[in-house]
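First listed ligand is number 1; within each ligand, the first listed atom is number 1. Everything quoted here is computed from the prediction, not taken from an experiment.
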Amino acid sequence: MNIPFTTIDALRRAAACAPKRTFVQFDGQSFSYEDTAVLAARWASRLHVAGVERGDRVALFLENSSAFVMAYLGAHLIGAIVVLVNTQYRQTELRHILSDSAAKVVIVGDQAHADLIHRSDAPGVVMFASEAVLEGAGDMPDWTHAPAPADLALIGYTSGTTGRSKGAMLTHANLMANSAAVTRAWSWTERDRLLLTLPLFHIHGLGVGLNGTLFATGTVDLRRGFDATDVLDTLARGEATMFFGVPTMYTRLIAEARRRRSEGRAVRVDGMRLFVSGSAPLSPQTFAEFEELFGHRILERYGMTETIMNLTNPYDGERRPGTVGMPFPGQEARVVDVRTRQPLPDGEIGEIQVRGPNVFAGYWRNPQATAEAFDANGWFNTGDLGWRSADGYFTITGRARELIISGGYNIYPREVEEVLLDHPAVAEVAVVGLPDAEFGEQVVAVVVPAMQTTDGLEQELIDWCRARLASYKKPRRVVFAAALPRNALGKVQKHVVQQQLRQVQPERTPQ
Ligand code: MCA
Ligand code: AMP
């Protein structure tokens, strides 16, 4: 078995070739590839006993932990499909995701998360990721129930012009084809040690960080979350060779490095060979400041839940700030006219389309959305706008769909608007993104109140959203208005709302 086509092929290969090599390091514990295979087997039998069969959905509602990794691979060992759930999600999101995916089992890390699941009235048996499963000796897996490349491996909930997120179905072949492309493009080998502070419940952390490590048979130093002090301390000890982050993490690393310098402390990243940024635009200013402080040119790449990684700046060639580079090996990208859908010449802005073995199998139980996402020749419409230079570098200039990206998290205005409209004091609402120095963009709601007085209403509406949605989706500000600008058809003109807000609040430099 040379090239793995499923995550289980990759695990089996690593457990055979490098059984004692550390795969995951977490919270002071190290798990070799052999340990991982044994622990995944235990999870597989635990899930099997709970009635999980091939093709069933297993939702992971878990923070970063070794249990996440073992449960993920354990579910795959018996051919189950893993559903990713952001741990900040609250009842509205949980009810939708768990019932839409019809998850048979939901794995949680603690009682508070179990209570949330129960309150959200969603289906699924709640199972605790208790550490007991990690103790004691065990057997290597029975590989006979392993999935086939065309089987679904993951459902990642994303997008939603309707306000309801859709489940993007990724097959094992999608995951491994992209891991093959990414590891090749970034010269990722078994000697690499990735410091991973991104959440595993999104594709950036899981599809790129964890799967890439598994494919390369390298090591991942997994953290509960991002902390600039911890990251700089780890890099100073020369313990990592690679770091992947969203732009907000890089601005925080820059601030922390400056603080240390001002105290006369050294900032060293000796063992590092690669810093990668993605999930949101990295400003040329952050790129330049990082290079000046750390002596590294950040490699920016572009991806999506539906496609994992699409475009990348070169590892060896010029890393051009403000651009996201070129297609990964074996993948294609082009720019088409938004109306005619015909390819555009270099230099002209249109919608970016991608094609390749990494592109997902469609939206879960949503053939209409799937059909709309592709053209007749199998090109996937990303919904992102951009252009290609004559020498092949793509630049992203905006989005064809309404989407706010805050600190690398996607927020669909419609979802927040629907929650706000449920509040009795809200007659009309428009949610937009405004530039934000720390998070790139911030959520702002413009509300037409249903009553005369708005005293205390701004905070009440923010709290209302926080109680019902993931906290990062709540508006940072609520602005009250007598009416919303609408076009002749009565549609709210979001760009006018944004312009008006910018006049009130002068634009701050995005990251
Ligand atoms: C946290 N908060 C935020 C955000 N993160 N608010 C707006 N935008 C955010 N991104 C709020 C919380 O709701 C909370 O509010 C308060 O900040 C503290 O939360 P905490 O978790 O402590 O925040 P943090 O640790 O400082 O988080 C910042 C972060 C995090 C590390 C930048 O947002 C992050 O890990 N982002 C990466 C997301 C990611 O992996 N995206 C990939 C998806 P309160 O106290 O009021 O409740 S895109 C993807 O996967 C594709 C394939 C791609 O291309 O990569
Ligand atoms: P998600 O649907 O959560 O996977 O987010 C994918 C979206 O993040 C893409 O469609 C882009 O809009 C955005 N994105 C990812 N990487 C970049 C990048 N390097 N620059 C700009 N936008 C990005």
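Close approach of ligand 2 to T158 is summarised as follows: ligand atoms under 4.0 Å from at least one heavy atom of the residue are 2 (O). Under a 4.0 Å criterion applied to the non-hydrogen atoms of I405, ligand 2 contributes the atoms 8 (O), 12 (O), 13 (C). Heavy-atom proximity to F226, at under 4.0 Å, picks out these atoms of ligand 1: 31 (C). Under a 4.0 Å criterion applied to the non-hydrogen atoms of G303, ligand 1 contributes the atoms 54 (O). Ligand-side atoms of ligand 1 in range of S471: 12 (C), 13 (O), 14 (C), 15 (O), 44 (P), 46 (O), 47 (O), range being under 4.0 angstrom from any heavy atom. Interface atoms of ligand 2 facing M304, defined by a heavy-atom separation under 4.0 Å, are 4 (O), 6 (C), 9 (C), 10 (O). Taking every non-hydrogen atom of L198 and a distance limit under 4.0 Å, the qualifying atoms of ligand 1 come out as 40 (O). Annotation for ligand 1: atoms under 4.0 Å from non-hydrogen atoms of R466 are 44 (P), 46 (O), 47 (O). The distance from ligand 1 to the heavy atoms of M304 drops below 4.0 Å at these ligand atoms: 52 (C). Remark: ligand 2 atoms within the under-4.0 Å shell around heavy atoms of D384 are 9 (C), 10 (O), 11 (C), 12 (O). Close approach of ligand 1 to I203 (heavy-atom distance below 4.0 Å) involves ligand atoms 50 (O), 52 (C). Applying the 4.0 Å criterion to heavy atoms of S406 picks out, from ligand 1, the atoms 7 (C), 8 (N), 9 (C), 10 (N).
Taking both residues in full, the closest heavy atoms of Y302 and M304 are given as OH-SD, 4.1 Å, listed atom of the first, atom of the second, then distance. For the pair L195 and A240, the tightest heavy-atom approach, listed with the atom from each and the gap, is CB-CB, 3.9 Å.
The pair D27-R223 fails the salt-bridge criterion, with no side-chain N (NZ, NE, NH1 or NH2) lying under 4.0 Å from an Asp/Glu carboxylate O. Remark: R320 engages D391 in a salt bridge, criterion side-chain N to carboxylate O under 4.0 Å. In this structure, D463 does not pair ionically with K474, as no charged nitrogen and carboxylate oxygen lie closer than 4.0 Å. Taking 4.0 Å as the cut-off between side-chain N and carboxylate O, D384 and R401 count as a salt-bridged pair. With respect to D233 and R260, a salt bridge is recorded, a charged nitrogen being found less than 4.0 Å from a carboxylate O. Using a cutoff of 4.0 Å between basic side-chain nitrogens and carboxylate oxygens, E418 and R414 are scored as salt-bridged. Salt bridge status for R399 with E441: present, with a side-chain N to carboxylate O gap under 4.0 Å.
Contact analysis leaves H204 out of contact with ligand 2, as no non-hydrogen atom separation drops below 4.0 angstrom. Ligand 2 has R401 within reach: a non-hydrogen atom of the residue lies less than 4.0 Å from it. Put simply, no part of R476 is less than 4.0 Å from ligand 1, judged by heavy atoms. Within the 4.0 Å heavy-atom shell around ligand 2 one does not find I203. Within the 4.0 Å heavy-atom cutoff, P199 counts among the residues contacting ligand 1.
Looking only at protein heavy atoms, the nearest one to atom 6 (N) of ligand 1 is Y472 CB, 3.6 Å. Summary of contacts: the protein heavy atom closest to atom 24 (P) of ligand 1 is R252 NH1, 3.9 Å. When only non-hydrogen protein atoms are considered, atom 41 (N) of ligand 1 lies nearest to G408 O, 2.9 Å.
At least one N or O atom of K474, backbone or side chain, sits closer than 3.5 Å to an N or O atom of ligand 1. Taking distance alone, with nitrogen or oxygen atoms compared against 3.5 Å, T305 approaches ligand 2 more closely than that limit. When only interatomic distances are considered, the shortest N/O to N/O separation between R301 and ligand 2 falls below 3.5 Å. Considering both main-chain and side-chain atoms, M249 never comes within under 3.5 Å of ligand 1 through any nitrogen or oxygen pair.
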Could you go through the ring-ring contact (aromatic ring centres under 6.0 Å, His included) check for F374 and F360 one step at a time? CA-CA 11 Å; F374 291 93; F360 75 142; 5.6 Å; yes
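For atom 17 (O) of ligand 1, the nearest protein heavy atom is 4.0 Å or more away. Under the 4.0 Å distance rule, the nearest protein heavy atom to atom 29 (C) of ligand 1 falls outside the cut-off. At least one protein heavy atom sits closer than 4.0 Å to atom 46 (O) of ligand 1. Within a 4.0 Å radius of atom 20 (P) of ligand 1, the protein has no heavy atom.
For atom 36 (N) of ligand 1, the candidate residues are A470, A280, G407; the nearest heavy-atom contact is made by G407. For atom 38 (C) of ligand 1, the nearest non-hydrogen atom from the set Y250, Y409, F244 comes from Y409. Of the options G322, A280, G383, the smallest heavy-atom separation from atom 23 (C) of ligand 2 is shown by A280. Here atom 14 (N) of ligand 2 lies nearest to S279 when heavy atoms of G207, S279, G386 are compared. Residue nearest to atom 32 (C) of ligand 1, selected from T305, N86, V324, T248: T248 (by heavy-atom distance). The residue among H204, R301, Q88, R224 with a heavy atom at the shortest distance from atom 54 (O) of ligand 1 is R301.
Of the heavy atoms in L282, none comes closer than 4.0 Å to ligand 2. When heavy-atom distances to ligand 2 are checked against a 4.0 Å cut-off, E300 comes that close only through its side chain, counted from C-beta outward. Contacts between N410 and ligand 2 below 4.0 angstrom, taking non-hydrogen atoms only, involve the side chain exclusively.
Checked against F244 for a ring-ring contact (aromatic ring centres under 6.0 Å, His included), the options F275, W186, F226 give a single hit: W186.
Side-chain N or O atoms of Q498 include one that pairs as donor or acceptor with a backbone N or O of G433 at under 3.5 Å. One N or O on the side chain of N174 and one on the backbone of P357 form a donor-acceptor pair closer than 3.5 Å.
No side-chain N or O of H296 forms a donor-acceptor pair with one of R319 less than 3.5 Å apart. Side chains of D100 and Y157: a donor-acceptor N/O pair is present below 3.5 angstrom, by distance only.
Cation-pi check for R184 over W188 is not met; the charged atom does not lie both under 6.0 angstrom from the ring centroid and within 45 degrees of its normal.
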